[in-house]
Amino acid sequence: MINFNALNREQRDAVRCVKGPVVVVAGAGTGKTRTIAYRTAHMLEVGIEPGAILAITFTNKAAREMRERISAMVGFDTCTDITISTIHSLCARILRDDIDKVGRDTSFTIFDTSDQVGIIRKALAKHGFDPRKNEPRALQFGISTLKNIYPPVDVDDIADPVMSRVFPTYNKMLEDNNALDFDDLLLFAIRVLDIPECRDRYRERFRYVMVDEFQDINDIQYGIVRRLVGKRSNIYVVGDDDQSIYGWRGAVVDNFLNFEEDFAGAREVKLERNYRSTGVILEASGAVIENNEKRRRKKLWTSGKAGDPIGMIEALDEQDEATLVIDCIVGDKQRLNMKYGDFAILYRTNAQSRVFEEKLVRMGISYILIGGTRFFERKEIKDMTAFLRVMHNPEDETALLRVINYPPRGIGATSLDRIRDAALEARRPLFHCLEYAVHSDNIPKKARKGVARFLEVIEAARQKLKAGGLATAGKFIVDELDIENAVRKSYSDRNEADRRFMNVEEWINSLIEYESNEPKPTIEGYLENVALMTDEQEVDTELKEDSITMMTVHSAKGLEFHTVFIVGAEEKLLPHEKSIQDGSIDEERRLFYVAMTRARRKLYISYAAERRRYGETQPRITSRFVGEIPEELFSYQSVKDIEERRLESGKKLASTSLKRIAMMLED
DNA sequence: TCACACCAATTTTTT
DNA sequence: ATTGGTGTGA
């Protein structure tokens with residue numbers, strides 16, 4: 001039996017809503033996850049089957065956390081029957097079952113960003129465009145933006161001459177690879193859900209739909225949700241418009257602001273009592289976010305103490321910033337008897353983590369880095385995964401080309417071109433033509449042998465997979481092809497080579513882990529996890545307690561820490577230069593707000609007088625958001641000795657920053 | 001065909 | 001500062 005006394009009045013209201021459309025406006029730190037967990041338990045208590053509940057989250061981390069919380073309340077076994085997943089994973093699962101209804105093969109591969117960039121390069125080449133003038137990465141972003149417009153844009157309406165040619169070619173290439181990109185997962189899911197019998201089947205199954213972080217949903221995602229919900233209207237959305245930070249991905253806050261228009265008679269519950277942060281942090285973050293116009297008005301309050309002032313850290317440059325921040329952490333830890341796990345360093349861009357990493361490594365302080373170049377995006381890991389992709393989906397030409405000559409086995413560009421011509425002529429996927437290539441006499445003997453060897457290894461690996469499972473097959477490939485040697489050859493630096501090969505070993509570990517965690521492990525299941533990164537390497541709690549967490553503000557959403565450092569609070573960084581250019585300052589402000597509200601007890605904000613970028617030093621200006629915080633709420637952490645430190649380090653600052661620091665010293 | 005050297009561009013944020 | 005992509009010579 002649920003103890004309703006453990007909740008405040010607003011939370012109770014929110015928990016009791018089981019049927020019909022409901023929108024919960026949950027400010028930062030108002031016990032949102034708790035409310036969701038209680039509501040789920042309540043639903044089960046009134047007799048709703050766990051299998052009928054679908055909870056959609058925005059990130060994998062959020063999904064995992066929600067599952068933990070619900071599991072703690074209703075028990076692990078019941079919880080496994082509840083579908084809790086990101087919208088992308090949900091769509092992938094729908095498509096594994098039903099994409100054949102819209103004319104595609106169910107053994108499709110999911111292409112990640114670098115796979116996409118790869119085929120965009122080829123598409124550019126095919127149309128004779130210069131990849132240096134038309135940056136593939138920018139095009140990839142453009143294509144994604146295009147695919148996230150709903151209803152879809154007619155190809156004939158694309159004004160840009162490059163895009164109008166590349167876009168269809170890109171899509172055709174995906175299809176030829178029997179592959180989908182992230183956006184296709186959603187687009188094809190919509191097509192499947194537009195087939196009445198499919199739609200009805202899913203509606204029958206998911207009778208209660210909940211969407212977390214609803215303020216970040218875009219029109220396509222909303223389209224999927226609406227198709228799933230149907231007329232029954234058991235939709236429960238939770239969100240906070242002040243924390244909408246994915247506008248660049250097509251998120252439309254209006255969907256949240258106007259929810260009542262789409263679902264007539266929707267109930268609104270506001271959670272405004274904050275349990276997380278001190279009065280100072282709430283007041284400061286409130287003062288910042290108030291500068292945004294378009295929002296559902298709400299005022300967070302707490303019955304707790306005002307707490308410490310916000311610590312402002314002024315640094316000479318990014319090196320100095322890292323030193324000061326880490327010193328501050330070490331000091332606080334000792335003084336207040338804390339653990340490293342109580343601290344988080346948040347930054348706007350992943351690149352900022354490097355300086356901190358280097359310093360922490362040197363000082364022997366352990367840290368957890370979230371995001372960045374993710375494990376599965378590393379070259380050596382992509383190579384290994386490509387073998388699995390070829391085994392599973394031979395039409396995945398991108399993966400095939402990646403490994404057909406890796407490690408080098410005498411198959412050069414010329415031979416490949418010839419085989420590919422043959423494939424094109426025979427209108428068969430490249431892989432099927434490899435067998436013919438082995439006997440073809442217009443291909444060098446060395447290359448023929450190489451192809452034969454490649455086919456042999458793939459076939460043998462398939463056998464291993466059948467007989468001994470994924471990890472066995474993976475280990476086989478690594479051993480059989482002497483990947484260790486291949487890795488060492490491509491990195492002359494010993495340490496680098498060691499690290500890279502350790503990653504490969506870690507990859508085998510990931511296979512073993514997947515097999516032991518999954519009730520029904522399959523190769524497509526594994527590849528799906530990799531592509532959607534469902535399987536973020538779980539850090540064991542012991543390590544977590546004694547490590548500083550570092551991540552972007554984006555990935556910090558939904559998390560909280562005792563002490564938070566927002567670093568690089570400078571114009572052109574936070575707010576980011578790009579956002580200043582296209583006038584999306586409001587979103588940057590929300591980002592700053594999200595960062596501030598991650599802190600429970602203590603918040604530090606740091607900025608530097610100059611910063612190196614591409615090896616060049618530029619003067620920096622403190623972020624406008626810092627100026628929006630009432631002065632009485634903060635104290636300077638290190639202003640007294642900044643001049644001293646400058647002299648000590650013998651550093652000459654760019655004149656503007658010197659002037660700025662001199663002014664600050666006068667205050 | 002491969003290894004090495006040089007050159008260029010990179011830095012938003014996630015699935 | 002790093003990294004990947006391209007070009008050249010063996």
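Labels below follow one simple rule: chain letters A, B, ... track the order of the sequence lines, proteins then strands, and each chain is numbered from 1. Because the structure is a prediction, the values reported are computed rather than measured.
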### Task
May I ask you to verify if any side-chain N or O of A/Ser555 is less than 4.0 angstrom from the OP1 or OP2 atom of B/dT13?
no
#### Entry: Check ion pair A/Asp184-A/Lys147 (N to O, under 4.0 angstrom)
yes
### Query
Just how far, in rounded Å, is C1' of B/dT13 from CG of A/Leu559?
15 Å
### For A/His554, the option from A/Tyr246, A/Phe58, A/Tyr347 that meets ring pair (Phe, Tyr, Trp, His ring centres under 6.0 Å)
A/Tyr246
### Message
Nearest whole Å is fine: how far is B/dT11 C1' from A/Arg620 CZ?
### Response
11 Å
### Query
How would you label the contact of A/Thr113 with the nucleic acid (heavy atoms, under 4.0 Å): base, sugar-phosphate, or nothing?
base
### Query
Does A/Arg96 make a cation-pi contact with A/Phe108, if we ask for NZ or CZ under 6.0 Å from the ring centre and within 45° of the axis?
yes
### Gap between atoms CD and P, on A/Glu577 and B/dT10 respectively (whole Å)
13 Å
#### Entry: A/Trp248-B/dT13 aromatic stacking (under 5.5 Å, under 30°)
yes
### Query
Taking the nucleotide of DNA chain B with the closest heavy atom to each, which residue, A/Ala351 or A/Thr552, is nearer the 5' end?
A/Ala351
### Message
With nearest nucleotide decided by heavy atoms, which residue, A/Arg354 or A/Lys379, maps closer to the 5′ end of DNA chain C?
### Response
A/Arg354
### Message
At 4.0 Å (heavy atoms only), tell me whether A/Asp183 reaches a base, stays on the sugar-phosphate, or touches nothing.
### Response
nothing
### Task
Take atom OH of A/Tyr406 and atom P of C/dG4, then tell me their distance rounded to the nearest Å.
13 Å
### Nearest-angstrom distance from the residue atom CZ of A/Phe58 to P of B/dT15
8 Å
### Rounded interatomic separation in angstrom, taking CG from A/Asn350 and P from B/dT11
10 Å
Interface polar pairs with nucleotides 1-3 of chain B, N/O, under 3.5 angstrom:
residue	atom	partner	partner atom	Å
B/dT1	OP1	A/Gly412	N	3.0
B/dT1	OP1	A/Ser415	OG	2.9
B/dT1	OP2	A/Thr414	OG1	2.8
B/dC2	OP1	A/Gly410	N	3.0
B/dC2	OP2	A/Asn405	ND2	3.2

### Query
Could you go step by step and tell me if A/Tyr222 and A/Phe214 meet the ring pair (Phe, Tyr, Trp, His ring centres under 6.0 Å) rule?
CA-CA 9 Å; A/Tyr222 196 26; A/Phe214 188 72; 5.5 Å; yes
#### Entry: Whole-Å gap separating C1' (B/dT11) and CD (A/Gln581)
13 Å
### Query
Could you state the CZ-C1' distance from A/Arg137 to B/dT13, rounded to the nearest angstrom?
11 Å
### Query
Salt bridge check: are A/Lys379 and A/Asp383 linked by an N-O gap of less than 4.0 Å?
yes
### Flag if over 12 foreign heavy atoms under 6.0 Å of NZ, A/Lys32
yes
### Task
Could you tell me which residues satisfy side chain to side chain donor-acceptor pair (under 3.5 Å) with A/Asp183, sequence neighbours excluded, listed by chain and number?
A/Ser144, A/Asn148
